[in-house]
Visitor: 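Sharing a structure with you now.
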Amino acid sequence: MFVLFEEAGKYLGGRVLSEAEASAQVELDTGKRVKVKGANIVLRFEKPAPAELIAEARAIAATMDLDLAWEFAAEGEFGFAELAADYFSDKPTLAQQAAALFALFEAPHYFRRAGKGRFKKAPAEIVQQALAAIEKKKVVQAQIVEWAGQLAEGICPQPIREQLYKILFKPDKNAPEYKAVVDAARATQRPPLELLERAGAIDSPYQFHWRRFLFENFPKGTGFPALAAPAIEDDLPLATGVEAFSIDDSQTTEIDDALSVQGLGSGTVTVGIHIAAPGLALTPGSPIDQVARSRMSTVYMPGHKITMLPDEVVSAYTLLEGGDRPAVSLYARFDEATLELQSTETKLERVPIVANLRHDQLDSIVTQPWLEDASFTNGNTPEAAAKLRAPLSFLFRLAKQLKAQREVVRGKPENFNRPDYNFRLVGNDGEPDGSEQVQITTRQRGAPLDLIVSEAMILANSSWGGWLGELGVPGLYRSQASLAPGIKVRMGTRALPHAGLGVKSYAWSTSPLRRYTDLVNQWQIIAAARHGKTAALAAPFKPKDADLFSILSGFDAAYATYNAYQGGMERFWTLKYLEQQGITELEATVIKDIQNGALVRADTLPLVFPVAGQQERGARLRVKLGEIDEIALDVHGTVLERLDAPKADAAADEESGDEEEEVAGPIAIAVDLTDSEPAPENTPA
């Protein structure tokens, strides 16, 4: 005897070997033996063989009119044999009974299952909804097929173009646009990104990187809501005898910091480090604060930036020359002869800003000889710089001393062997489009003006960080336990040493217009300045404040993302520079071994890239460049010749720090070609 039975949502047939009261031992056509519950057996028959019956029944089921079957079906619960009798004849054949079973079982939108082999009609409205869903799914599937065909032919349908970044990086895997890309990639055997690029979905490599960044980090755009900068209500005293000046690049609009020098020739010199004071007007939780906290930092890239705060807010608090600007000031008093630090004091005040000096206009003029030798003349020195020669000279002398003191703590000198690179997009006004001519110039790290500013900011950040720590006021700190390999700079809420800088503590506080950590720390510093020893009770953020940890985590993630994007865009424009200048060969230095090759750094450009073949670290090479991939930001090199032998201490400047080498790699996309195939068309959505 043969039986037809249900097992795990399927109907199988087999020969009965033995049977008990509630179960049977059944042998399948494959030879496998299974134990079947009696309740699961729906048909018993002597012939034909199960495989023949099932094949014939499925063929008949495929011809059944489900609308008609639904009309014939009884209103209450019924069995499949009853429907077969109504649909086929009073005495349906075994195959017709099995066909009715299969048709009922596989049409849940028409018939609800009420038990083994038993069913109940679905309500008419449910049937209509299901049929409409099936029809809609057929239309969608047809659209997927059409779009996939167009992509395979090198044409990008507009809906896919509009969803490009969502498809690639945050896809809805049930969306027809996504499924069309997957199907086309399978059919053409092309990687999805290559397929889309070939089909013209990507307007340009620059736009690809820019739009991807906006999609992932500014999905609502970079515009600001209408916000008015609140006025500073404090009656701030005017800093008497102070003539402060800032030192920034010409592109800088968020002028956060300025310097002043008083008491030259008196034996005690007071250096003022004056920081723009939005923290005196903005409050935690205010609308402007919410905007700043959502962004966490200004985003920089060649030729463009996305500011943390609206221009109107920045202009209200920036330290623009020609007026008295609210500031949080750190006054550090030094012995003029020995440069020994005698005391520090913090004040909330209005500071006269007499000049906004610009690095790029003065680096070639304000040089070490100009600062160290009063008789050294330079005929084209701007009047603003000439008036500040004495303060600048003292600040340069002090900066060298502060740096030397930090290097003693560090245990080794800081190296400025590599220059900083400046990018200028010729004729660019506003958001670049990627076609601009790029100019790359260098500014040696540790140049006098750069050193003056950096040492003053380190002094302020370390002094304020230590002061908050002494008062028990939490802040956002950067620390590094040691200079040992692998020991990274970390952020935390406690005042801990920063080995890389050689200071006891370091709390970013000098850029409150462009870094949210600095604005948070400024609120804490303002509380310390107002309340002294009771500041911990009055500060906006208390010890172990959960909100402070949330800010720390959010800033860390955003800042890393923004820095990575800035590095990627600088790499893009460097590759563009190679193309525009027709550069096919570079001189480079080996910095690291990698699998099947080495990593080299170009000697005259901000470019790290791999070359084939193992090379000694520190060796200088002439390298022929391969094809440039502006989407992957990738270029490889082939070694043409060895220029010199490696130096014994070639790796001396490759010490642990905040940053690691950025090298291009494959673009990580979220399109998975192993996603399951579409469901059968007759399955309701």
Side-chain angles (χ1 to χ4, degrees), residues 206 209-210 213-214 218 222-224 244-259 274-276 278 292 295-322 325 353 355-366 382 384-385 419-454 456-457 508 510-516 518 559 562-574 576-577 605-606:
Y206 180 85
H209 296 295
W210 173 236
F213 176 75
L214 294 180
F218 293 88
T222 60
F224 290 96
F245 54 91
S246 65
I247 306 173
D248 296 281
D249 290 320
S250 291
Q251 298 89 344
T252 300
T253 56
E254 304 147 292
I255 303 175
D256 290 287
D257 55 85
L259 305 173
H274 312 283
I275 307 303
R295 299 197 174 199
M296 288 293 181
S297 171
T298 291
V299 186
Y300 295 97
M301 65 207 82
H304 196 46
K305 66 180 177 180
I306 304 171
T307 58
M308 181 179 79
L309 294 168
D311 290 344
E312 297 79 6
V313 175
V314 170
S315 63
Y317 310 118
T318 190
L319 301 182
L320 195 65
E321 66 184 13
R325 309 299 177 190
I353 308 296
N356 294 140
L357 305 182
R358 303 296 183 177
H359 275 293
D360 47 313
Q361 299 171 6
L362 295 176
D363 273 345
S364 62
I365 297 170
V366 182
D420 286 328
Y421 291 92
N422 297 323
F423 293 79
R424 179 172 177 264
L425 307 185
V426 179
N428 173 59
D429 183 18
E431 181 183 318
D433 62 20
S435 64
E436 292 82 359
Q437 191 77 14
V438 60
Q439 295 177 348
I440 302 178
T441 56
T442 61
R443 179 160 62 91
Q444 187 64 35
R445 296 192 200 185
L449 288 177
D450 183 68
L451 186 67
I452 287 171
V453 174
S454 63
M457 298 309 110
W508 265 343
T510 53
S511 296
L513 294 176
R514 45 188 165 179
R515 271 194 313 244
Y516 191 67
D518 301 51
Y559 201 64
Y562 297 168
N563 280 341
Y565 179 69
Q566 179 181 356
M569 285 298 91
E570 289 180 354
R571 186 176 181 88
F572 171 85
W573 286 110
T574 302
K576 185 67 78 173
Y577 179 83
L605 287 173

Visitor: Does the side chain of Arg424 come within less than 4.5 Å of Thr441's, by heavy atoms?
Guide: no

Visitor: Which residues pass the salt bridge (Lys or Arg N to Asp or Glu O under 4.0 Å) test with Arg325, sequence neighbours left out?
Guide: none

Visitor: Let me confirm one number: the CZ-OH distance from Phe213 to Tyr565, rounded to the nearest 0.5 Å.
Guide: 6.5 Å

Visitor: Just to verify, what does Asp363 make a salt bridge (Lys or Arg N to Asp or Glu O under 4.0 Å) with, not counting sequence neighbours?
Guide: Arg443

Visitor: Minimum heavy-atom separation for Ala355 and Glu321, please, with both atom names.
Guide: CA-OE1, 3.2 Å

Visitor: Closest approach of Ile255 and Ala276, non-hydrogen atoms and distance?
Guide: O-CB, 4.0 Å

Visitor: Using every non-hydrogen atom in the two residues, find where Val438 and Tyr577 come nearest and quote the distance to one decimal.
Guide: O-CD1, 3.5 Å

Visitor: What residue pairs, at least two apart or across chains, pass side-chain hydrogen bond (donor to acceptor under 3.5 Å, both in side chains) with a residue in residues 301-314?
Guide: Thr253-Lys305, Glu254-Lys305

Visitor: Taking all non-hydrogen atoms of both residues into account, name the closest pair between Ala258 and Ile353 and its distance.
Guide: CB-CD1, 4.0 Å

Visitor: If we only count heavy atoms from C-beta on, is the Leu319 to Ser246 side-chain gap below 4.5 Å?
Guide: no

Visitor: Are Phe224 and Val313 close enough, and set up right, to give a side chain to side chain contact (heavy atoms under 4.5 Å, CB included), and what steps lead you there?
Guide: CA-CA 11 Å; Phe224 290 96; Val313 175; over 6 Å; no

Visitor: Distance from Leu362 atom CG to Ile247 atom CD1, nearest 0.5 Å?
Guide: 8.5 Å

Visitor: Side chains of Ile452 and Leu259: does their closest heavy-atom pair fall under 4.5 Å?
Guide: yes

Visitor: For Arg295, enumerate each residue passing the side-chain hydrogen bond (donor to acceptor under 3.5 Å, both in side chains) test, keeping only those at least two apart in sequence or located in another chain.
Guide: none

Visitor: Could you pull out the closest heavy-atom pair between Lys576 and Gly434, with the gap in Å?
Guide: CE-O, 3.4 Å

Visitor: Could you list the residues that satisfy side-chain hydrogen bond (donor to acceptor under 3.5 Å, both in side chains) with Tyr516, not counting sequence neighbours?
Guide: Asp289

Visitor: Is it true that Asp257 and Thr510 share a donor-acceptor pair across their side chains at a distance under 3.5 Å?
Guide: no

Visitor: With distance as the sole test, does Ser454 use its side chain to make a donor-acceptor pair with the main-chain N or O of Asp450 at under 3.5 Å?
Guide: yes

Visitor: Considering only heavy atoms from C-beta outward, does the side chain of Phe423 approach that of Met569 to under 4.5 Å?
Guide: no

Visitor: Roughly how far, to the nearest 0.5 Å, is the CG atom of Asp518 from the OG atom of Ser511?
Guide: 5.0 Å

Visitor: Can you tell me if Asn356 uses its side chain to pair, donor with acceptor, with the backbone of Gly322 under 3.5 Å?
Guide: no

Visitor: How would you list, by chain and number, every residue that makes a ring pair (Phe, Tyr, Trp, His ring centres under 6.0 Å) with Tyr562, sequence neighbours excluded?
Guide: none

Visitor: Of all the heavy-atom pairs spanning Leu449 and Val366, show the shortest one and how long it is.
Guide: CD2-CG1, 3.9 Å

Visitor: Could you state the interatomic distance from OH (Tyr421) to CG (Leu605), rounded to the nearest 0.5 Å?
Guide: 6.0 Å

Visitor: Could you tell me whether a side-chain N or O of Asp249 sits under 3.5 Å from a main-chain N or O of His359, the two making a donor and an acceptor?
Guide: no

Visitor: Nearest 0.5 angstrom please: Glu570 CD to Met301 CE, how far?
Guide: 10.5 Å

Visitor: Could you check if a side-chain atom of Trp573 sits within less than 4.5 angstrom of a side-chain atom of Glu436, using non-hydrogen atoms only?
Guide: yes

Visitor: Would you indicate whether the side-chain heavy atoms of Pro512 and Ile275 approach each other to under 4.5 Å?
Guide: yes

Visitor: Would you check if Asp433 and Tyr206 make a side-chain contact, meaning some heavy-atom pair closer than 4.5 Å?
Guide: no

Visitor: Determine whether a donor-acceptor pair (N or O, by modelled atom type, separation under 3.5 Å) exists between the side chain of Arg358 and the backbone of Asp248.
Guide: no

Visitor: Looking at CD1 of Ile306 and OH of Tyr300, how far apart are the two atoms once the value is rounded to the nearest 0.5 Å?
Guide: 11.5 Å

